[in-house]
Amino acid sequence: MKRTLAIASLVVLTASTAALAQSGPKPEQLIKWRQSVFQVLAWNGQRIKANVEGTTFNREDVVKAANSTAAIANSGIGALFAPGTETGKGWHDTAAKAELFAADSKVGTLAANFSQEATELARIAASGDQASVKAQFGKLNQTCKACHDEYKAKD
Amino acid sequence: MSATPASQRIWDLPTRLFHWLLVVALLASFVSGEVGGAWIDWHLRSGLLVVALIGFRLAWGIVGSATARFAQFLRGPAAIRAHWRGQWRGVGHSPIGGIAVVVLMLAVIAQLLTGLYTNDDISFDAPLSVLVDKNTSDALRLWHGRLFYLLAVLTALHVVAIVYYLRVKRDDLITPMLTGRKRLDPERSAALPQPLTTPRYVAALLLSLLAAVVITWIASGGLLNPAPASAPMIESTTPKPAW
Ligand code: HEM
Ligand code: HEM
């Protein structure tokens, strides 16, 4: 009897661990990650902004920030919006709107625009002058805004 | 015998300029705010123009020409009741119109106050946002958006009221706001206050312009910037980390 119970519990334990492993990171973790990713994007933006608005233009800083943004943009952020993360709490309650997860969501297109402008910014940062970096930085920010208007709740 | 009403100056140039520049600056703010992103810097500029205009008008409402003064058109309940019964015989804003003016201005001020402390969660932090924590600044963005609807509704009512006066009451308020002049019957002509003497006018104008500059400077964070001499930039004293 005792042995049957022990085996049974072992089986249940193994099965549930396997199930957990299959389902990947917890929704809470995914939401935390995506919120963190966006915070890093904001950090990069701040660094670029300081250089395109000030009198000094430190290319090294700009290149670092632009490369980081481009890398993040092309890192598959979509995976952080997996099913099951429509609602929930990461660092705070998610601000993603339900429409982002809907079948007719345009989030893929918006994310692609974002990746495109981020990649372009990294290219220009390497060689362009302050004015062209500034112009491209504006274009990039417009893609952030476009997605926030559609899919990020205002509060 | 009824004399042809004589055309008289009821709105001075500063008041009229204030009004139409305000319309333009608010339209620019609306468009640049909605577009956001790369346009957010223009949104700040148009918003600061609104700050300057409101700052000017508040001062002009105290020291400016008589018809522009708050004390002239903000009247007690008795005057409001008389106006309601159609017995108002003044010039300038009517007692009820005067309330509408103040309500509109307050709505614009609320828009400015929320805007100045917010951020766009992309790369823009409004000049006074350092004074509040991030959560408050974020919440103010929500309110900035909500209050805009209020402002839009009040503005629509404002225009509807003016069209009502034009079509139903046959009283054209728009031309005077453009040209400054209105034909007044003798009774109202008598109620028209004396214009300011030139020296007083110039002094009032300078004072109001100064108020506009000071308020705009404060709204741009002027009081927050420590003097460069007393507080050296952190970068210049601390070496950059190697990583
Ligand atoms: C200096 C003053 C102002 C500042 C600093 C300011 C700042 C801002 C910021 C940071 C946003 C958020 C943009 C985003 O979410 O990406 C915004 C949005 C907006 N602002 Fe202002 N603003 C100011 C004045 C005004 C005024 C006077 C108006 C009136 C027309 C106005 C109308 C709007 C509108 C309509 C939006 C879009 C709201 C939305 O998308 O929900 N702002 N403003
Ligand atoms: C952005 C929208 C508008 C705002 C916020 C606004 C605001 C105001 C304010 C604050 C005043 C008082 C002026 C003062 O005493 O300095 C005023 C008066 C006036 N506005 Fe506007 N206005 C707007 C649009 C318009 C438009 C589109 C028209 C034209 C149809 C108009 C026509 C007038 C007239 C005729 C007066 C004088 C009313 C009277 O005789 O008592 N306004 N407006």
Side-chain angles (χ1 to χ4, degrees), chain A residues 34-35 37-56 58 60-62 64-66 68-69 91-97 110 113-114 117-118 120-121 131-155, chain B residues 29-46 48 111 114-115 117-127 129-130 132-150 152 220-221 225 228 232-236 238-243:
Chain A
R34 75 192 182 207
Q35 290 174 343
V37 154
F38 288 125
Q39 287 297 339
V40 174
L41 290 176
W43 175 45
N44 289 336
Q46 212 56 51
R47 294 197 275 174
I48 297 170
K49 189 181 166 118
N51 278 294
V52 296
E53 285 190 349
T55 43
T56 55
N58 183 332
E60 204 190 324
D61 277 357
V62 173
K64 278 181 190 164
S68 165
T69 291
W91 298 113
H92 55 84
D93 284 335
T94 180
K97 287 191 193 169
L110 292 169
N113 293 343
F114 163 59
E117 300 300 353
E120 182 64 8
L121 179 63
S132 47
V133 171
K134 185 175 184 174
Q136 183 59 29
F137 180 59
K139 281 193 196 168
L140 173 68
N141 284 346
Q142 209 61 57
T143 65
C144 313
K145 169 77 175 164
C147 192
H148 288 180
D149 278 352
E150 288 294 326
Y151 298 124
K152 177 168 168 277
K154 290 205 187 292
D155 46 340
Chain B
S29 294
F30 163 61
V31 173
S32 57
E34 283 297 331
V35 176
W39 287 29
I40 199 72
D41 292 339
W42 285 102
H43 189 60
L44 174 64
R45 287 181 194 123
S46 64
L48 287 176
Q111 194 71 34
T114 49
Y117 292 88
T118 191
N119 70 86
D120 73 350
D121 244 358
I122 296 173
S123 73
F124 175 80
D125 297 294
S129 60
V130 291
V132 297
D133 62 37
K134 181 69 164 69
N135 283 340
T136 311
S137 182
D138 286 346
L140 286 172
R141 180 171 57 238
L142 180 66
W143 280 101
H144 191 65
R146 284 181 181 162
L147 280 169
F148 177 74
Y149 290 119
L150 179 69
S220 329
N225 294 340
M233 298 273 287
I234 303 166
E235 278 111 311
S236 62
T238 3
K240 263 198 172 169
W243 54 288

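Model, not experiment: these values are computed from the prediction. In what follows, chains carry the letters A, B, and so on, assigned in the order in which the sequence lines appear, proteins first and then strands, with residues in each chain numbered from 1.
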- Note on the structure: So, the part of A/H148 with a heavy atom under 4.5 Å from chain B: the answer is side chain

- For B/N135, is it the side chain, the backbone, both, or neither that has a heavy atom closer than 4.5 Å to a heavy atom of chain A? neither

- Message: Has B/D125 got a side-chain atom pairing as donor or acceptor with B/S129's backbone, closer than 3.5 angstrom?
- Response: no

- Please check if the side chain of B/H144 supplies one atom and the backbone of B/T114 the other of a donor-acceptor pair under 3.5 Å. no

- Tell me, for A/Q39 versus chain B, whether the close heavy atoms (under 4.5 Å) come from the side chain, the backbone, both or neither. neither

- Task: Taking A/Q142 for its side chain and B/V35 for its backbone only, find out whether a donor-acceptor pair lies under 3.5 Å.
- Result: yes

- Task: Evaluate the salt bridge (Lys or Arg N to Asp or Glu O under 4.0 Å) criterion for residues B/D41 and B/R45: first the C-alpha distance (whole Å), next the side-chain angles of each, then the deciding distance (0.1 Å), finally the verdict.
- Result: CA-CA 6 Å; B/D41 292 339; B/R45 287 181 194 123; 5.3 Å; no

- Check whether A/F38 gets within reach of chain B through its side chain, its backbone, both or neither, counting any heavy atom under 4.5 Å. neither

- Does a sphere of radius 6.0 Å around NZ in A/K139 hold more than 12 heavy atoms from other residues, nucleotides or ligands, not counting ones at 6.0 Å or beyond? no

- Message: Is A/K152 in contact with chain B via its backbone, its side chain, both, or neither, using a 4.5 Å heavy-atom distance?
- Response: side chain

- Message: With a 4.0 Å cut-off on N to O distance, would you call B/D121 and B/K134 a salt bridge?
- Response: yes

- Which portion of A/N44 sits near chain B, non-hydrogen atoms under 4.5 angstrom: neither

- Count the heavy-atom pairs under 4.5 Å between each of A/L140, A/L41, A/N141 and chain B, then report the option with the highest count. A/N141

